[in-house]
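Have a look at the structure below before the remarks.
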Protein chains: 2
Amino acid sequence: MVTIADVAAAAGVSISTVSYVMSGKRTISQDTRERVESAIAKLEYSPHASARSLASRSTNVIGLQAPLRAGVDVHVIMEIVAGVVKEARDNHYDILLLTSDDADGLVNAARGSRVDALMVMDIESEDPRIATLRELSTPTVLIGLPSGAGDLICVDFDFEAAGRLAAERLAALGHTRVALFGAPAEVLERHTSYAVRLNRGFLAACEELGITGSVHACPSSADAVDAVDAVLDEDAAITGILFHNEAALPHVAAHVRNDATKRDVIALSPLQLVHGVAGLVDTIEVPATEIGAAAARAILGALEGETTERVRLLQPRFSGASAV
Amino acid sequence: MVTIADVAAAAGVSISTVSYVMSGKRTISQDTRERVESAIAKLEYSPHASARSLASRSTNVIGLQAPLRAGVDVHVIMEIVAGVVKEARDNHYDILLLTSDDADGLVNAARGSRVDALMVMDIESEDPRIATLRELSTPTVLIGLPSGAGDLICVDFDFEAAGRLAAERLAALGHTRVALFGAPAEVLERHTSYAVRLNRGFLAACEELGITGSVHACPSSADAVDAVDAVLDEDAAITGILFHNEAALPHVAAHVRNDATKRDVIALSPLQLVHGVAGLVDTIEVPATEIGAAAARAILGALEGETTERVRLLQPRFSGASAV
DNA sequence: GTGAAAGCGCTAACAC
DNA sequence: GTGTTAGCGCTTTCAC
């Protein structure tokens, strides 16, 4: 293993000089800098991460608690994580995947100085982790928007606005009886933040618009077809649909295409997943990668001591992607 | 921040005693142990991870390079990662998500002592990372089976055997013209390990069985329907199908169900994803979680100095899940 | 513009 | 069964 002492010896300088060349916290003569840098390159030196964080009291690692729970759409999760990872990498931060779903995992990572900051996904409206996080002093960003977040930073897509937007569009298309098919039952039962907000926005807008709206859980499998049919059979007056379940969409879309009745379906989904899906009036994009990137930027900003907005919600818009 | 010295003072012992209580590497009197443990609990002490790894020369972190590349099925990836994470957590290891797709990311993590071991996914048959990994001296496990792995540990599902198994089943069902619809074109073009092996097993078995087999790329979107139709239109004699594209399956299955022609379709997929999908003769399970867990066990074993088998391939079998 | 040296919080000899 | 202490490889004062 090559250490800073090896580099210093090879360059004929002291170890502190090597350190300062790397950090740029001191002015170094052109000559010295070049000798040190070529020694680093020649020896393939890479500083020992633990030694560095012990001395500098910072790890350049962000702890990420990503959901491996039932019901959440893995594709969306992965896109968000990809956004986080890319933004973190570009700023020389690594991501530590926390291997526990509860508050303990977060506390341990923070207490053991494993991470500089925490990022928590799959937030519920009344999330039990929040109380713990608030008294942790470790900078934290939630991807979601729970109640009682205190001054924890929150970043997410504005699902409430998306619900309103969809309702308005359906109303404008002339529908007076509309339905939202959304997350599977287990996600709703947990009061997952995004589902709660989507429902709220959709129903509130329906009421304001004077149309009848309803929300329904939707399984994330082929069973979705039967679930949707059951609802539509019972209330055939439903002609406008907002569909927010990425995994179920392919099943249902293929079904709808073969359906005689003429209904308007709006999808709420990352664009990539609706590609080629037939029978949609339009799509509201869930900008998953951008959510992750925004969350990462927020936490990096906080680590730099920036005081930014505490809540950042990405605004919805129609993509115009009305397939086939 | 509470340190080991605080605990030692509170318990009235030396810091080494505290350390030994935690590691169990020394016999401690019942009395002392209790005093130390209650001091730890009372102070909510958690050892500084970097200090520990600097002194112990091990991080208890496994670096994971997971693919964020085009074409790979995120659902399968996530399940594998979940398997890795669970197994790692149960053995007190954390997972560092490497934020770069290339060999450099691996080298940096290893050189900087950020990780004790590396796990690499999305392996290509002739993977450019392998040469680098082989001379790295950091224990490494590949999820895949490339050529020239040297003594790098390889863990994966036996896709070649799965291809054979499916061909045999289709032949037994009386089909003489069979097709494999598999990964999207970009995955095949990279010569991704699993796709190459699946194709090889399928075609080899067909030849041995004296039936005609062909393999076809399949887009992972709704476009899959058209792609499949194009092939079947051109060669209507194809009556047996092996389908290995989780994202496309819902689209195609719904389509097949409405298809007049009677074809037998075998799916190769995690069981969860075929739930409720109609029209399948049978399913060969891709045990994604188990792949991840096996990979984790392999790397943990290697870190303990165990000498296990260098290649471990999980064997395929039919699940009997012939839906609807 | 550069060096020397005191820690950072822990582990693991080495003592008794 | 327990304590003392020399590092682990860095960052960052302090000194010149």
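So that the names make sense, note that chain A is the first sequence line, chain B the second, and so on, each numbered from 1.
Residue B/Thr17 has its side chain nearest to D/dG3 when only D/dC10, C/dC10, D/dG3 are considered. Taking the side chain of A/Arg26 as heavy atoms from C-beta on, and the options D/dC10, D/dT13, D/dC8, the nearest nucleotide is D/dT13. Across D/dC10, C/dT2, C/dC10, the shortest atom-to-atom separation from the side chain of A/Ile28 is found for C/dT2. Distances were taken from every side-chain heavy atom of B/Leu54 (C-beta onward) to each of C/dT2, C/dG9, D/dC10; the shortest belongs to C/dG9. Checking D/dT11, C/dT11, D/dT2 against every side-chain atom of A/Ile15, the shortest atom distance belongs to D/dT11. Of the candidate nucleotides C/dG3, C/dG1, D/dC10, C/dG1 has the atom nearest to the side chain of A/Ser29.
The base of D/dG1 lies outside donor-acceptor range of the side chain of B/Thr27, with no N or O pair under 3.5 Å. The base of C/dA4 lies close enough to the side chain of A/Ser16 for a donor and an acceptor atom to sit less than 3.5 Å apart. The base of D/dT11 lies outside donor-acceptor range of the side chain of A/Arg57, with no N or O pair under 3.5 Å. With hydrogens and angles left out, the side chain of B/Tyr20 and the base of C/dA13 share a donor-acceptor pair within 3.5 Å.
The side chain of B/Thr32 places an N or O atom within less than 4.0 Å of a non-bridging phosphate oxygen (OP1 or OP2) of D/dT2. B/Ser19 has no side-chain polar atom (N or O) that falls below the 4.0 Å cut-off from OP1 or OP2 of C/dA12. For C/dT11, neither phosphate oxygen OP1 nor OP2 lies less than 4.0 angstrom from any side-chain nitrogen or oxygen of B/Lys25. Within the 4.0 Å cut-off from OP1 or OP2 of D/dG9, not a single side-chain nitrogen or oxygen of A/Thr3 is found.
Among the candidates A/Glu126, A/His191, A/Glu124, the single residue satisfying the side chain to side chain donor-acceptor pair (under 3.5 Å) test with A/Ser147 is A/Glu126.
Between B/Val13 and B/Ser56, the residue anchored closer to the 5' end of DNA chain D is B/Val13, taking for each the nucleotide with the nearest heavy atom. Nearest-nucleotide positions on DNA chain C place A/Ser14 closer to the 5' end than the other of B/Ser23 and A/Ser14.
With hydrogens and angles left out, the side-chain atoms of B/Ser29 and B/Arg33 include no donor and acceptor closer than 3.5 Å. Donor-acceptor pairing under 3.5 Å is lacking for the side chains of A/Ser50 and B/Ser50. One side chain, B/Ser14 or B/Thr17, offers a donor N or O that lies under 3.5 Å from an acceptor on the other. With 3.5 Å as the limit, one finds no donor-acceptor pair spanning the side chains of B/Arg57 and B/Ser53.
Taking atom CE of residue A/Met1 and atom P of nucleotide D/dC8, one finds them 11 Å apart after rounding to whole Å. Atom NE2 in A/His48 sits roughly 9 Å away from atom C1' in D/dC10 (whole-Å rounding). At whole-Å resolution of the value, CE in A/Met22 and C1' in D/dG9 are 11 Å apart. The separation between B/Asp6 atom CG and C/dG9 atom C1' is 11 Å, rounded to whole Å. For B/Ile4 and D/dG3, the CD1 to P distance is 12 Å, given to the nearest whole Å.
Between the side chain of B/Asp116 and the main chain of B/Thr59, a donor-acceptor pair closer than 3.5 Å is present.
Heavy atoms of B/Ser50 sit nowhere under 4.0 angstrom from any nucleic acid atom. Within the 4.0 angstrom heavy-atom criterion, no nucleotide atom of any strand lies near A/Gly112.
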